[in-house]
Q: 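My questions will all concern the structure given below.
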Amino acid sequence: MNCMPIPHDQQNDSAAPPLGAEQTLRQRAEEKLRATRGDNLDALSLDQARQLLHELQVHQIELEMQNEELRRVQGALESARARYFDLYDLAPVGYITLNPQGLILQANLRTTILLGVSRGDLVKQPLSHFIVPEDQDEYYLRRRHLFTIGTPQVYEVRMKHNTTGDVFWARLEMTRGQDSETQAQVCRTTLSDISEQKLVHAALRENEERFRTIVESVSHIAVQGYAPDGTVTLWNPASEKLYGYSAAEALGKHLVDLIIPPEMQIAMRQAIAQMMTTGIGIPGSELLLMRKDGSRVAVFSNHTVTEVRGRGKELYRIDIDLTERKQLENALHAANLLLENQLGELQNLHIQVLEQSIRDPLTHLYNRRYLNETLPREIVLAFRHNYAIGILILDIDHFKTINDTYGHLAGDETLVAIARALTTHLRASDIVCRYGGEEFLCLLMNTTQEFVLHRAEQLRAAIADLLIVPVHPTARVTASIGVALLPTHGDDMIAILKSADEALYQAKTAGRNCVRLAQAG
């Protein structure tokens with residue numbers, strides 16, 4: 001397994017004690033034996049012989065104790081290595097070690113999944129190979145800064161999956177380090193897929209811009225924003241019209257000094273402090289506030305406190321001129337409805353994006369991308385818990401004939417019907433994916449060879465009995481199925497899929513509409 005070196009603190013905790021004590025004991029025992037070798041043995045008295053035997057037995061016990069301690073330390077070391085594998089290789093982010101030239105020296109399992117390259121093929125490849133050309137200059141500049149200045153670098157680039165060609169946003173966090181064996185400088189890099197975050201942030205920015213547009217465009221709703229100390233940070237055009245202060249006059253001034261009548265100023269200052277402390281706006285109420293010219297205006301005032309990342313708490317208030325109550329109530333209702341609709345659209349879009357990324361739109365089965373993300377994890381779990389995984393690759397025989405004879409709509413109905421049959425005949429714990437155009441792949445967890453072959457035959461028979469085109473009762477399809485088991489026919493994702501694919505080829509050459517088991521390696 002190609003992985004990063006175990007940190008020195010783990011090495012120190014689990015390192016075996018020096019063997020000097022064991023060697024000293026052995027030397028003492030050998031010296032005793034040499035001292036009594038040959039004629040000297042004959043000269044020993046009975047008591048001296050007993051004493052020598054006793055000392056040799058003591059040395060033997062001490063040696064056995066040393067061996068037991070070494071075995072205990074070896075077990076602790078193996079345990080530490082297993083924990084390190086969990087923390088490093090199964091981490092939810094990619095870990096990469098680069099040399100100063102940008103070549104990949106080491107990478108964990110998550111990196112191979114994100115980039116779509118096996119671990120062996122990643123080594124000695126430049127990381128820039130997986131960065132889109134438009135973002136490579138940023139990467140080169142950051143890497144040069146890291147090795148020349150030593151300052152950690154955190155930035156975002158677009159990268160591409162080597163197999164699918166899909167582009168995704170990634171956050172790279174780079175720190176300079178030193179190889180524990182060669183003492184050469186290296187770059188320790190974490191790679192995180194932030195594509196989903198980018199979508200959410202873009203949607204949030206769009207929503208914020210829409211909110212600001214609404215705030216600026218609604219002429220009958222006065223919206224103001226205030227900092228924790230009560231100074232104005234937002235003053236929309238409706239506030240200018242309602243109170244007579246321009247935005248330039250209001251921004252940076254205190255709320256109390258602008259629109260609060262003298263008799264309310266103490267209470268309002270206390271209310272602002274209370275809202276900022278508790279984070280809860282005071283209940284909406286009708287207030288008689290003051291315009292720039294000193295006249296009073298009746299408003300219905302609402303307050304809300306929000307936590308803004310990087311800026312702390314902010315206070316917002318919406319004031320409605322009650323002289324046009326009905327019109328303003330309708331405008332507020334319309335604005336709230338618009339915001340709710342936008343939020344609903346955003347949530348629906350988010351759900352659709354997540355679902356579309358892992359589902360086939362026609363059959364609603366998992367797609368190949370989901371398989372590439374899931375199968376490596378399932379293989380790790382299978383080895384850890386010592387159980388087998390069955391792989392079925394199923395191909396529809398003469399699928400082109402269905403399309404040519406009955407039309408592409410019938411072909412789509414065929415795929416949907418077979419997908420339904422697969423999910424019906426498999427267990428809830430099994431995984432079914434649309435693997436290609438007319439190919440399907442099934443993962444059967446914690447199983448046996450006999451069970452997998454039996455289930456494959458059931459699926460083959462069920463597909464042969466399907467009525468695909470109702471107006472043509474004689475229209476039938478069959479399927480050829482290749483079967484492989486992990487670890488019997490392969491011990492990693494590439495090997496097991498290759499074995500199943502070769503078994504499928506054997507089923508095709510054997511006349512189709514049959515099941516074939518891969519040959520054990």
Q: If you compare all heavy atoms of Val432 against all heavy atoms of Cys442, which two are closest, and at what distance to 0.1 Å?
A: CG1-SG, 4.2 Å

Q: Answer yes or no: is there a side-chain heavy-atom contact under 4.5 Å between Val186 and Arg176?
A: no

Q: Any luck finding a side-chain donor-acceptor pair between Asp404 and Thr401 under 3.5 Å?
A: no

Q: So, Thr111 side chain and Ala107 main chain: donor-acceptor pair closer than 3.5 Å or not?
A: no

Q: Tell me whether Tyr505 at atom OH has more than 12 heavy atoms from other residues, nucleotides or ligands lying less than 6.0 Å away.
A: no

Q: Starting at CD1 of Ile113, measure out to CZ of Arg369 and round the result to the nearest 0.5 Å.
A: 12.0 Å

Q: Output the distance between atom CZ (Arg420) and atom CD (Glu413), rounded to the nearest 0.5 Å.
A: 9.5 Å

Q: Do any pairs count as a ring-ring contact (aromatic ring centres under 6.0 Å, His included) and have a residue in residues 365-396, sequence neighbours left out, and if so which ones?
A: Tyr366-Tyr370

Q: Check the pair Glu314 / Tyr316 against side-chain hydrogen bond (donor to acceptor under 3.5 Å, both in side chains), numbers first and verdict last.
A: CA-CA 7 Å; Glu314 293 182 352; Tyr316 290 90; 2.6 Å; yes

Q: Determine, stepwise, if the pair Val515 / Val483 fulfils side-chain contact (heavy atoms from CB on, under 4.5 Å).
A: CA-CA 7 Å; Val515 176; Val483 177; 3.7 Å; yes

Q: Distance check, rounded to the nearest 0.5 Å: Asn367 atom CG versus Cys433 atom SG?
A: 7.5 Å

Q: Distance from Ile96 atom CD1 to Asn108 atom CG, nearest 0.5 Å?
A: 8.0 Å

Q: Test salt bridge (Lys or Arg N to Asp or Glu O under 4.0 Å) on Asp397 and Lys508; report intermediate values, then the result.
A: CA-CA 8 Å; Asp397 298 327; Lys508 288 288 188 182; 2.8 Å; yes

Q: Judged by atom type as modelled, is there a donor-acceptor pair below 3.5 Å linking the side chain of His408 to the main-chain atoms of Gly411?
A: no

Q: Which heavy atom in Phe130 sits nearest to a heavy atom in Asn162, and how many Å separate them?
A: CE2-CB, 4.0 Å

Q: Nearest 0.5 Å, what's the CD1-CG distance between Ile104 and Asp121?
A: 11.0 Å

Q: Determine whether the side chains of Arg144 and Tyr140 contain a donor N or O and an acceptor N or O closer than 3.5 Å.
A: no

Q: Just by distance, no angles: are the side chains of Tyr435 and Arg368 close enough, under 3.5 Å, to form a donor-acceptor pair?
A: yes

Q: Checking the side chain of Ser480 only, and the main-chain atoms of Cys514 only, is there a donor and an acceptor separated by less than 3.5 Å?
A: no

Q: Among residues at least two apart in sequence or on other chains, which ones pass side-chain contact (heavy atoms from CB on, under 4.5 Å) with Ile280?
A: Thr278

Q: I'd like to know if the side chain of Ser128 reaches the main chain of Ile131, judged simply by a donor and an acceptor atom lying under 3.5 Å from each other, with no hydrogens or angles considered.
A: no

Q: Any donor and acceptor pair, going by atom type alone, linking the side chain of His489 with main-chain N or O of Ala518 inside 3.5 Å?
A: yes

Q: Test side-chain hydrogen bond (donor to acceptor under 3.5 Å, both in side chains) on Gln506 and Arg516 and set out the steps.
A: CA-CA 7 Å; Gln506 294 298 324; Arg516 288 294 182 270; over 6 Å; no

Q: Look only at the side chain of Glu181 and the backbone of Asp179, and say whether a donor-acceptor pair between them is shorter than 3.5 Å.
A: no

Q: Would you say the side chain of Leu315 lies within less than 4.5 Å of the side chain of Val305, judging by non-hydrogen atoms?
A: yes

Q: Side-chain contact, heavy-atom cut-off 4.5 Å: Gln153 with Thr151?
A: yes

Q: Please walk me through it: do Ile389 and Leu444 pass side-chain contact (heavy atoms from CB on, under 4.5 Å)?
A: CA-CA 6 Å; Ile389 297 178; Leu444 281 67; over 6 Å; no

Q: Any side-chain heavy-atom pair from Met174 and Arg188 closer than 4.5 angstrom?
A: no

Q: Please confirm whether the backbone N or O of Ile402 pairs with a side-chain atom of Thr405, one donor and one acceptor, at under 3.5 Å?
A: no

Q: Using a strict cut-off of less than 4.0 Å between a Lys/Arg side-chain nitrogen and an Asp/Glu carboxylate oxygen, indicate whether Lys400 and Glu438 qualify as a salt bridge.
A: no

Q: So, applying salt bridge (Lys or Arg N to Asp or Glu O under 4.0 Å) with Arg158, which one of Asp166, Asp135, Asp193 is it?
A: Asp135

Q: Do Glu173 and Thr189 pass the side-chain contact (heavy atoms from CB on, under 4.5 Å) test, and can you show the C-alpha distance, the side-chain angles, and the key distance before you say yes or no?
A: CA-CA 5 Å; Glu173 300 185 25; Thr189 303; over 6 Å; no

Q: Are the side chain of Gln178 and the backbone of Gln183 linked by a donor-acceptor contact shorter than 3.5 Å?
A: yes

Q: Report the distance from atom CG of Leu415 to atom CZ of Phe440, rounding to the nearest 0.5 Å.
A: 5.0 Å

Q: side-chain contact (heavy atoms from CB on, under 4.5 Å) for Leu191 and Leu114? Distances and angles first, verdict last.
A: CA-CA 9 Å; Leu191 169 61; Leu114 288 173; 3.9 Å; yes

Q: Does any part of the side chain of Leu485, heavy atoms only, come nearer than 4.5 Å to the side chain of Leu517, both counted from C-beta?
A: yes

Q: Okay, side chain of Ser192, backbone of Ile194: is any donor-acceptor separation there less than 3.5 Å?
A: no

Q: Within the side chain of Thr488, is there an N or O that forms a donor-acceptor pair under 3.5 Å with the backbone of Ala484?
A: no

Q: Could you tell me whether Asp501 and Lys498 make a salt bridge, using a distance below 4.0 angstrom between a side-chain N and a carboxylate O?
A: no

Q: Without hydrogens or angle criteria, can the side chains of Arg512 and Thr478 be said to hold a donor-acceptor pair below 3.5 Å?
A: no

Q: Can you list, pair by pair, the side-chain donor-acceptor contacts under 3.5 Å of residues 457-467, counting residues two or more places apart and other chains?
A:
unit_1, atom_1, unit_2, atom_2, d
Glu457, OE1, Arg460, NE, 3.4
Glu457, OE2, Arg460, NE, 2.9
Glu457, OE2, Arg460, NH2, 2.5
Gln458, OE1, Arg455, NE, 2.8
Gln458, NE2, His454, NE2, 3.2
Arg460, NH1, Asn513, OD1, 2.9

